[in-house]
There are 2 protein chains.
Amino acid sequence: MPLPSRVTDLTSFDLLLSVAELGSIGRAAKAHGISQPAASARLRQLERQVGVPLLERATRGARLTTAGELVAGWALPAVERAADLEAGIAALRADRHTHLRIAASLTVAEYLLPRWLIALRAADPDTVTALSSGNSHEVAAQVLAGDVDLGFVEGPELPPGLRASDVATDELVLVVAPGHRWASRRRRPRAAELAGTPLVSREPGSGTRQAWEWALRACGETELAAPLLEVSSTTAIKAAAIGGIGPAVLSAHAVVPELDAGTLVRVPVPDLDLRRRLRAVWPSGQTLRGPAADLLAIALRSRTEG
Amino acid sequence: MPLPSRVTDLTSFDLLLSVAELGSIGRAAKAHGISQPAASARLRQLERQVGVPLLERATRGARLTTAGELVAGWALPAVERAADLEAGIAALRADRHTHLRIAASLTVAEYLLPRWLIALRAADPDTVTALSSGNSHEVAAQVLAGDVDLGFVEGPELPPGLRASDVATDELVLVVAPGHRWASRRRRPRAAELAGTPLVSREPGSGTRQAWEWALRACGETELAAPLLEVSSTTAIKAAAIGGIGPAVLSAHAVVPELDAGTLVRVPVPDLDLRRRLRAVWPSGQTLRGPAADLLAIALRSRTEG
DNA sequence: CAAAGGCATAACCGTAGCCTATGCATCCAT
DNA sequence: ATGGATGCATAGGCTACGGTTATGCCTTTG
């Protein structure tokens with residue numbers, strides 16, 4: 001289901017947010033590096049598309065109307081997530097002139113790292129960060145080899161030679177579409193049924209899938225059903241689960257919006273321990289310095305909030 | 001700080017997500033209503049901008065690379081929030097041919113309603129919803145007058161003639177920039193100090209501001225300091241607080257991303273009860289039917305998740 | 001071995017969005 | 001009062017981006 005074109009271009013909404021913050025169209029235009037007429041035209045067109053006045057133009061500036069408040073409130077999360085996306089891409093892109101090299105497992109890279117990088121840029125504006133992603137073993141190997149300054153891994157194992165510090169907790173959750181039988185309290189599955197039910201799943205080798213299978217084995221289930229559908233990306237798994245293809249297992253971080261909206265329902269599985277520690281790792285010999293130390297501090301600081 | 005242009009246009013990222021879901025560039029193109037060459041060109045350009053291959057083109061379709069996975073993972077939340085924005089705008093825009101009329105206080109309209117509307121559209125695709133926003137008194141009046149079918153209010157008061165049902169809990173939180181003295185555990189303020197400290201605040205009459213002042217008065221504080229800065233929008237308050245202008249009070253929903261990132265720090269205020277019930281209201285005479293009943297069911301369903 | 005499915009390239013075209021220049025209204029200071 | 005400053009709107013002209021159709025090449029499949 002593609003996004004309607006009305007909201008694919010966030011520029012006008014970003015501009016609206018700047019007007020809210022700065023109090024005038026002209027100042028917002030300057031902040032965005034465009035001319036005042038261009039900003040004025042964009043905002044006018046935005047109002048036409050929304051069908052409701054968003055700004056009160058006074059002679060001394062412009063303020064948001066009530067509708068403008070609402071639109072700005074809805075636009076802000078979209079812009080913030082786009083900023084996360086930008087931070088991630090910047091870290092993928094960075095190749096040369098890099099001051100900080102990090103490696104992260106998929107869960108950390110996807111859900112935690114972008115905002116840490118934004119916070120890092122606020123602290124050290126000139127630091128360029130390069131990110132490589134892989135499974136926890138690969139990350140640990142890169143740290144040990146000195147290819148990266150700091151790594152983030154999931155899971156309990158840790159090769160010798162590394163120091164570690166907990167930065168977050170991840171939890172796998174079993175989710176189904178609202179109509180599924182497991183969605184009702186009465187029909188919650190136990191470990192044996194889970195092991196015997198085909199799920200929508202990632203490829204073998206994916207950290208999430210491994211963790212799920214380990215948790216079932218730790219529970220005494222050795223016969224695991226083959227996946228119902230193997231797809232390449234978290235995105236596709238969510239789409240399949242929402243579409244009612246079948247149950248899926250995903251990181252709790254991945255499904256927060258769907259649980260909020262009720263498009264997916266979480267199925268508690270008290271039999272299984274699905275929690276995982278997410279940890280920062282670095283060579284045990286050395287003390288972290290510079291941007292690496294700052295990033296670790298940021299990660300630890302955000303930990304205290306959760 | 002405007003968004004870099006690389007991520008202002010979500011079209012290409014949305015297309016990437018469709019490729020992840022559908023397995024081929026051509027099918028993704030069709031889903032978006034554009035030609036296959038157009039999609040191919042967009043994705044190629046996206047790869048150029050990111051600087052890393054995102055897709056493995058096979059003769060039988062296309063799959064995401066590891067980097068593509070990451071980008072898709074970062075892009076999905078942005079696209080989802082844009083979908084929320086779209087749902088909100090659609091509800092603001094709807095004027096004629098409307099089947100369901102609702103009114104909501106700002107907090108509900110901003111943070112909860114868009115996803116409910118998306119879920120409602122999944123349930124009743126043909127329903128057109130019109131939203132009006134106001135403070136809780138206005139919402140209640142509109143429901144009583146029959147101007148809307150369903151309302152959402154915050155706060156404890158409820159005029160006679162309305163039935164109500166809890167759909168969520170809101171909580172105000174006091175936040176400061178990480179460097180502020182209150183950020184450290186040792187220096188947390190008590191009610192008296194809070195009452196005497198100027199805050200970054202919304203105009204008088206805003207529900208958030210009223211609730212904060214009531215909570216302080218309930219605590220025996222009658223002398224409240226004048227605001228440090230009065231700004232018109234939540235956006236501007238967040239920007240001011242992050243910039244270190246001063247402490248601010250906001251809905252917990254509003255600052256989740258900032259707390260996650262560590263750009264704002266929550267200051268616990270055990271003295272004050274800052275929780276508020278968010279409730280759906282409708283005329284006590286009648287039983288809800290049709291889309292209004294569906295929307296209430298969706299709101300109640302999402303309540304069980306939090 | 002033919003056919004089909006899927007991606008890339010080429011050539012053409014329409015329009016959306018930007019800029020500069022200018023006008024008009026309002027507020028403020030002298 | 002009045003001139004200056006501030007801020008938004010309008011007009012005209014230009015560029016460039018993104019779309020379409022047509023076509024070619026490669027690989028898998030029956």
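Annotation: side-chain hydrogen bond (donor to acceptor under 3.5 Å, both in side chains) contacts of B/R115 (sequence neighbours excluded): A/D260, B/D84.
Partner A/E47 forms a side chain to side chain contact (heavy atoms under 4.5 Å, CB included) with one of A/V52, A/L54, A/V71 and no other, that one being A/L54.
The overall bend of the helix from C/dC1-D/dG30 to C/dT30-D/dA1, read as the angle between its terminal helix axes built from five base pairs each, is 30° when rounded to 10 degrees.
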Can you check each nucleotide of nucleotides 22-30 of chain D against protein heavy atoms at under 4.0 Å and return B for base, S for sugar-phosphate only, - for none, in 5' to 3' order?
B----BS--
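Residues from residues 3-19 of chain A placing a heavy atom under 4.0 Å of any atom in DNA chain C do not occur.
The nucleotide range of DNA chain C contacted by chain A, defined by atoms under 4.0 angstrom from heavy atoms of the protein and reported 5' to 3', is C/dG17 to C/dC27.
Remark: side-chain polar atoms of A/D9 are paired, donor with acceptor, to backbone N or O of A/T11 under 3.5 angstrom. A distance-only check finds a donor-acceptor pair linking the side chain of B/T8 to the backbone of B/S5 [under 3.5 Å].
Counting only residues at least two apart or on different chains, the salt bridge (Lys or Arg N to Asp or Glu O under 4.0 Å) pairs with a member in residues 231-243 of chain A are A/K238-A/E258, A/K238-B/E80.
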Taking it one step at a time, do B/S12 and B/Q45 satisfy side-chain hydrogen bond (donor to acceptor under 3.5 Å, both in side chains)?
CA-CA 9 Å; B/S12 303; B/Q45 176 188 341; over 6 Å; no
Could you please spell out the steps behind the side-chain hydrogen bond (donor to acceptor under 3.5 Å, both in side chains) verdict for A/T129 and A/H99?
CA-CA 6 Å; A/T129 307; A/H99 306 96; over 6 Å; no
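In this structure, the side chains of A/Q210 and A/R202 stay at 4.5 Å or more apart for every pair of heavy atoms.
A/E56 comes within 4.0 angstrom of nothing in the nucleic acid, heavy atoms only. Contact annotation for A/S24: backbone-only contact, meaning every heavy-atom pair under 4.0 Å involves sugar-phosphate atoms and none involves a base. At the heavy-atom level, B/A38 lies under 4.0 Å from base atoms of the strands shown.
Straight-line distance from the CZ atom of B/R44 to the P atom of D/dG18: 16 Å, rounded to whole Å.
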